Amino acid sequence: MKIGVLKETFPGEARVALTPASALQQQKLGHECFVEAGAGVAAQFSDADFIAAGVTVCATAGELIGAVDVIAKVRPPTDEEVDQLGKGQTLISFFYPAQNEALLERAKGRSATVIAMDMVPRISRAQKMDALSSMANIAGYRAVIEAGNNFGRFFTGQITAAGKVPPAKVLIIGGGVAGLAAVGTSTSLGAITYAFDVRPEVAEQVESMGAEFVFLDFEEEQQDGAATGGYASVSSPEFREAQLKKFREIAPEMDIVISTALIPGRDAPKLWLEDMVASMKAGSVVVDLAAERGGNCDLTVMDEKVVSPNGVTIIGYTDFPSRMGAQSSELYSTNIRHMMADLTPEKDGVVNHNMEDDVIRGATITHEGKITFPPPPPKVAAIAAKPKASVPELTPEEKRAEEVAAFKAQTKNQVTLLAVGGALLLGVGLVAPASFMQHFIVFVLSVFIGFQVIWGVAHSLHTPLMAVTNAISSIIILGALMQIGSGSMLVIILAALSVFMAGINIFGGFLVTRRMLAMFQKS
C-alpha cells in the first residue's frame with residue numbers, strides 16, 4: 001500500500017504527518033511512503049532527510065494524490081484536496097465532522113474513506129492513536145513556556161545577595177491532558193502551582209505532581225468521565241457561581257493563569273471574567289488555550305496577544321502545537337503509524353478496514369460512499385470508577401451502638417481464640433512430658449507476645465511490609481543477644497550470625513527507603 005503525506009497549506013501550520021523516523025516504521029508494515037516536496041521543512045525535516053529514509057518526494061500535491069492509496073495530513077482537508085480524492089482512497093487527518101458537515105458530504109460524494117484522528121475513541125487500547133491528547137500535551141507545555149516568555153519575573157523563588165525573589169503563583173484551570181501537562185511544567189520550573197477542575201477525582205493526580213488542588217465548598221454530583229469521553233460535563237448554574245466566587249478570591253494572588261477548559265461540541269465556558277483580570281497585578285499573564293472556541297477569558301482575542309488596561313497580558317494563540325513543529329510532528333506521525341498498524345494487522349502492506357473494530361469504526365466518518373458519523377458507542381466502554389453509594393449520616397447514639405457491637409464481636413472472637421488455644425494446649429499436656437510442656441508454654445507465649453509487638457509497629461517512612469520485617473528482625477536480634485552468653489560455642493556462632501543477618505535486613509531497609517525518597521526530591 002502506498003501512503004502519501006501532503007504539505008500543510010493552512011497559514012502558520014508547521015506540522016507534518018510523516019517524519020523520516022515514522023516512515024521507516026511504516027515501511028516495516030509493508031507500506032511505501034511518499035511526501036510532497038517541502039512538506040517537512042517547517043518542522044525541520046528536509047526533503048533530503050525523507051529521501052535518506054526511503055521516501056519518494058513528489059513535486060506537487062496533485063502528483064502525490066494520484067500516486068497513493070492512503071493520504072495523511074494534519075489539518076482538515078480543503079475543498080480542493082477533497083475533490084481530488086478518488087474512489088477507494090483513504091484520507092487520515094483531523095476533520096472535526098460535527099463542525100464540517102459540508103466537507104463531510106463532499107468526501108462522501110467522492111466515495112472515499114475518511115478517518116478522523118479527532119474521533120479516535122478514548123478507550124485504553126486506542127491511547128497510542130489519541131492525537132488530540134498528543135497535541136493537548138504539547139499545548140499545555142508550550143502554554144507555560146509562552147507565559148514565562150511574557151512574564152517579567154522568575155518562576156522559581158531565589159535568595160541572592162541582592163535580595164529574596166518570591167516564586168511565581170500559577171493557576172491552571174482544567175485538569176485534562178493539557179492542564180496536567182501545564183501543571184507538570186509549572187512545578188518543574190519551581191512555581192507555586194494551583195489547579196482547578198470540576199471533577200474532584202483529578203485532585204489526586206494534581207497533588208501527585210506537586211501542585212495544590214483548589215477545592216470548592218460546594219457538592220455537586222458530576223457525570224462520570226467515561227460517559228463524556230473523558231471530558232468534564234456541564235456544571236449547574238449554582239456550581240458555576242461558586243466557581244466564579246472562588247476565582248475572584250484567588251485572582252489577586254495569581255501571577256499566571258492558564259485556562260484549558262473545553263467541552264466537545266460547545267463554545268468555551270467563560271471562567272476568567274473581566275473583573276478578575278482587573279484584580280490581577282500588572283505584569284501578570286493569562287494564557288487561554290480555549291481561544292479557538294471563544295476563549296475562557298472575557299478579554300481573549302483569537303490568535304492575538306492583548307494587554308488589559310491594568311497591564312495584564314492575555315494570550316489567545318491557537319497554534320501552540322505548531323510552535324513546536326518538530327515535536328508535534330513526531331508525536332502525530334506516531335499516532336498515524338499506530339493507526340496504520342491497526343489497519344494493517346498482517347504487516348503485509350494490505351489495508352483491512354475492519355468496521356467491527358471499535359477504534360477503526362469510531363474514527364471512520366465516511367466509508368464506501370456512506371457517512372458513518374456519528375459512530376455507535378464502543379462495545380468496550382472506558383473503565384469508570386464505581387459511584388459511591390449515598391450513606392445516611394448516623395446519629396451519635398447509632399454510632400455508639402455500632403462501636404459497642406464491634407467491640408463485643410471483637411471480644412467474642414478473642415475469647416473463642418483463647419478457648420480453642422487453651423483446649424489445644426491442654427490436649428498436648430495430657431500426652432507430653434512435663435519438661436516438654438515447660439518449654440512449649442514459653443514458646444506459645446513468645447509467639448503471642450511477638451505477634452502483638454510486631455503488628456503494633458506503626459510505619460511512617462517505611463511500607464507496612466518493611467515495618468513488619470524490621471520488627472521481626474529486631475526480635476531476632478534480641479533473642480540472639482540473650483544467647484550470646486551461652487557456654488556452647490555453636491550457640492554463640494549461631495547467635496552472632498543471627499545478629500549479623502538481621503542487621504543487614506534492618507539497615508538495608510533504611511537504605512532502600514532513603515534511595516526511594518531521593519527519587520522524589522528535586523536536585
Side-chain angles (χ1 to χ4, degrees), residues 3-18 35-36 38-40 42-43 60-62 64-65 68-86 89-122 129-136 138-139 229 262 264-268 289-294 302-303 317-323 325 328-329 331-336 339-340 343 359-360 362-367 369-375:
I3 302 174
V5 172
L6 292 172
K7 181 179 180 180
E8 300 298 322
T9 57
F10 190 86
E13 181 56 69
R15 293 170 290 179
V16 63
L18 184 75
V35 66
E36 184 181 353
T60 64
L64 182 139
I65 293 174
V68 300
D69 306 294
V70 179
I71 301 165
K73 65 190 310 290
V74 181
R75 291 273 182 171
T78 63
D79 291 344
E80 293 74 19
E81 288 169 341
V82 171
D83 290 341
Q84 293 182 67
L85 293 175
Q89 277 188 314
T90 298
L91 171 69
I92 304 176
S93 73
F94 285 117
F95 201 97
Y96 309 107
Q99 289 82 39
N100 290 312
E101 294 182 6
L103 196 61
L104 190 62
E105 287 287 344
R106 208 177 192 110
K108 182 195 78 169
R110 302 296 300 177
S111 295
T113 296
V114 177
I115 295 177
M117 294 302 291
D118 51 285
M119 290 299 299
V120 171
R122 286 197 160 181
M129 300 169 239
D130 190 352
L132 284 177
S133 292
S134 297
M135 299 301 104
I138 293 174
L262 272 177
R266 294 175 177 266
D267 290 336
L289 291 181
E292 197 165 3
R293 300 306 303 271
M302 191 170 110
D303 291 322
Y317 301 151
T318 60
D319 61 345
F320 288 106
S322 278
R323 290 171 181 261
S328 299
S329 298
L331 294 183
Y332 182 70
S333 63
T334 301
N335 296 141
I336 295 285
M339 177 62 74
M340 290 304 302
L343 289 169
V359 178
I360 295 174
T364 301
I365 57 176
T366 68
H367 185 58
K370 297 178 182 178
I371 293 178
T372 57
F373 172 82

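Values in this document were obtained by computation on a predicted structure and should not be read as measured data.
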The ring-ring contact (aromatic ring centres under 6.0 Å, His included) partners of Phe95 (sequence neighbours excluded) come to none
Please list, chain by chain and in numerical order, all residues satisfying salt bridge (Lys or Arg N to Asp or Glu O under 4.0 Å) with Arg106, sequence neighbours excluded. Asp79, Asp83
Side chains of Ile71 and Glu81: closer than 4.5 Å at any heavy-atom pair? no
If we ignore hydrogens and angles and just use 3.5 Å, is the side chain of Ser328 paired with the main-chain N or O of Arg15 as donor and acceptor? no
Would you call Val82 and Val114 a side-chain contact if the rule is heavy atoms closer than 4.5 Å? no
Do Arg110 and Thr366 have side-chain atoms, one donor and one acceptor, less than 3.5 Å apart? no
For Ala14, side chain to side chain contact (heavy atoms under 4.5 Å, CB included) partners two or more places apart: Ala42, Ser322
Under the side-chain hydrogen bond (donor to acceptor under 3.5 Å, both in side chains) test, which residues partner Thr90, sequence neighbours left out? none
Mark yes or no for whether Gln89, through its side chain, and Val68, through its backbone, hold a donor-acceptor pair below 3.5 Å. yes
Assign the ring pair Phe94 / Tyr96 to parallel, tilted or perpendicular, where the plane angle (0 to 90°) is split at 30° and 60°. parallel
With Thr318 via side chain to side chain contact (heavy atoms under 4.5 Å, CB included) - residues at least two apart: Ala291, Glu292, Met302, Asp303
Polar side-chain atom of Ser93 near backbone of Ala72 as donor-acceptor pair, under 3.5 Å: no
Considering residues at least two apart in sequence or located in another chain, which fulfil the side chain to side chain contact (heavy atoms under 4.5 Å, CB included) criterion with Glu105? Lys108, Ile371
Rounded to the nearest 0.5 Å, what separates atom OG1 in Thr113 from atom CD1 in Ile360? 11.0 Å
Could you tell me whether the side chain of Glu8 and the main chain of Arg75 form a donor-acceptor pair under 3.5 Å? yes
